[in-house]
Structures are given as structure tokens and as C-alpha cells.
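If you're wondering where the values come from, they're calculated on a predicted model, not measured in any experiment.
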Amino acid sequence: FTGTVSGAGAMEHISTTDVTTPAQFVVFDNLSTAYDTFVFQYEFHPDTDGSQFGIQFLDSSGAAIDDADGYGYYNDFDGTAITSDSTNFIYISTATIGNDTHEGLRGQLTLLGRNYAVATDTVPPCVIGTGIGQYTTNVFSGGTIVGGLNSQQIQTIRGIRFFVTANNIERGKVHLFGVRS
């Protein structure tokens, strides 16, 4: 082989979002339909101890899907499974992420199904990933993240938002990549 590789399968850096002032949400709306798969590499530092992070998809009008039966997930943090088939967001951390020096959350999340068409018999939009954080006592917490829209919310999406369940993300950074199909 003597050529160059381009096109399908390429992972392309789209943007970097810096959180420099406290915010409850980091929103990625109107994700390009040129990609069906997106990869988010994130790091967040909460403004208070005991913070928990989550995600929600944005519907076709850009509003967060936050219905009580919107998502199902199965996550495992530190060998302990947390799971639900009927919740309004997907957890991406344990409940005790701290805000002291060297505490916070890092991870990588892959969004599958940006271009999902409701009329198909495929799995609706979902995420898979891993995360690692520091508890409020500077002890590592880590695990897997698996979740998506449940059967009560089969719909197209156009984005995703990261958030902290109480207070704010004090600072952070998210690198967004698109994967060509």
C-alpha cells in the first residue's frame, strides 16, 4: 500500500469547549449530520463536593429530553452497578466527586446514533464510555457508562448536554470529535 487513507472511519477534531466561568450545563447542539458517531473527551471540576454528573440528549428542536422515563442505563463505578430503565438522565459519575485540589472528573464518551431515523428497527441513540474521578477524599473512582433513550422516548436527536446535578461546573474542557462512517 502506498496511498493515503481518508474518508470513512476517520476521526476528526471538531471543537474544544473551555468552561472558564461556572455553568450548570455544557451544551453541544446542532451536531453535524455529516457524522453519526461523536466522541467527547471531557474533564470537569465541580464547584462543590459531592457532585454528580450526567448527560441528556437534545430533541429535534434543541430542548433537553428530561422526561422521567426518557433513558435507561447500566453503569458500574468501583465494582458497584447502578442501573435504571426509567430515568430523566444518564449518570456519568458516582455521587461523591469532589472539588478539592486534584479532584474532579475525566472521561471519554461515544455518542452513537446522531442520525437515527425513528422508522428503523435499530437501537435508538445511545452512549458508551468510561470515566474516572476523584472522590471528596482524593480517592479515585472509575467505571463504565452505558445508556440511551428507552422505548418510551424513541426519537431523533440533534445534540447532547453535560451537567452537574447540583450547583455548577466550576471549570472544564471538552474536546469534540466526529467519526466518519
Side-chain angles (χ1 to χ4, degrees), residues 1 3-46 53-67 69-75 87-93 104-133 144-165 168-181:
F1 178 77
T4 59
V5 178
S6 65
M11 189 161 106
E12 301 169 351
H13 183 260
I14 297 171
S15 67
T16 298
T17 300
D18 286 313
V19 179
T20 57
T21 58
Q24 186 178 10
F25 305 104
V26 177
V27 179
F28 294 88
D29 192 6
N30 287 316
L31 291 171
S32 172
T33 56
Y35 310 94
D36 194 46
T37 302
F38 290 88
V39 176
F40 300 85
Q41 293 176 345
Y42 57 87
E43 60 176 274
F44 297 123
H45 184 81
F53 291 85
I55 60 149
Q56 292 173 318
F57 296 140
L58 305 180
D59 66 18
S60 60
S61 65
I65 300 169
D66 63 357
D67 295 337
D69 61 356
Y71 304 91
Y73 64 84
Y74 175 89
N75 297 339
T87 186
N88 68 335
F89 69 95
I90 299 168
Y91 289 102
I92 62 169
S93 76
L105 180 68
R106 282 187 186 265
Q108 181 166 301
L109 199 66
T110 301
L111 167 63
L112 305 166
R114 159 59 176 104
N115 299 320
Y116 176 74
V118 176
T120 66
D121 288 332
T122 60
V123 175
C126 59
V127 293
I128 56 174
T130 56
I132 190 164
T144 60
I145 304 156
V146 180
L149 292 175
N150 74 18
S151 61
Q152 303 300 311
Q153 288 295 324
I154 303 299
Q155 61 183 291
T156 60
I157 64 167
R158 74 178 210 190
I160 189 172
R161 73 179 186 174
F162 293 80
F163 66 96
V164 63
T165 59
N168 290 304
I169 300 167
E170 184 176 57
R171 63 183 178 276
K173 184 176 285 195
V174 182
H175 299 284
L176 172 61
F177 300 87
V179 179
R180 293 246 180 231
S181 301

In the structure I gave you, are the side-chain heavy atoms of [X] and [Y] within less than 4.5 Å of one another anywhere?
X	Y	answer
Val179	Thr110	no
Phe57	Gln155	no
Phe44	Val164	no

Atom pair [atom1]/[atom2] of [X] and [Y] - distance to nearest 0.5 Å:
X	Y	atom1	atom2	answer
Ile55	Ile160	CD1	CD1	4.0 Å
Thr17	Leu176	OG1	CG	7.5 Å
Phe163	Ile169	CZ	CD1	9.5 Å
Tyr74	Ile90	OH	CD1	15.0 Å
Thr144	Asn75	OG1	CG	6.0 Å
Asp29	Leu58	CG	CG	5.0 Å

[Y] backbone acceptor or donor facing [X] side chain under 3.5 Å:
X	Y	value
Gln108	Val39	no
Arg114	Leu31	yes
Asp66	Phe89	no
Tyr71	Ile65	yes
Ser93	Phe53	yes

Which pair of heavy atoms, one from [X] and one from [Y], lies closest together, and at what distance?
X	Y	value
Pro125	Ile157	CB-CD1, 3.7 Å
Gly104	Pro46	CA-CD, 4.0 Å
Asn150	Gly72	CB-N, 4.0 Å
Ile14	Gly178	CD1-N, 3.5 Å

Could you work out, with side chain to side chain donor-acceptor pair (under 3.5 Å) as the rule, every residue matching Ser61, not counting sequence neighbours?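 Here the qualifying residues are Asp59.
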Contacts of type ring-ring contact (aromatic ring centres under 6.0 Å, His included), residue Phe28, not counting sequence neighbours: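 Here the qualifying residues are Phe40.
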I need the full list of salt bridge (Lys or Arg N to Asp or Glu O under 4.0 Å) pairs touching residues 14-24, with sequence neighbours left out, sorted by first then second residue.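 Those involving residues 14-24 are Asp18-Lys173.
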Does the plane of the ring in Tyr73 sit parallel, tilted or perpendicular to the ring in Tyr91? Use 30° and 60° as the thresholds.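 Perpendicular.
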Just checking, any donor-acceptor pair under 3.5 angstrom between side chains of Asp67 and Gln153?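 Yes, Gln153 and Asp67 have a side-chain donor paired with an acceptor closer than 3.5 Å.
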Would Arg106 pass as a cation-pi partner of Tyr42, given that its NZ or CZ must be under 6.0 Å from the six-membered ring centre and within 45 degrees of the axis?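 Verdict for Tyr42: no cation-pi partner in Arg106.
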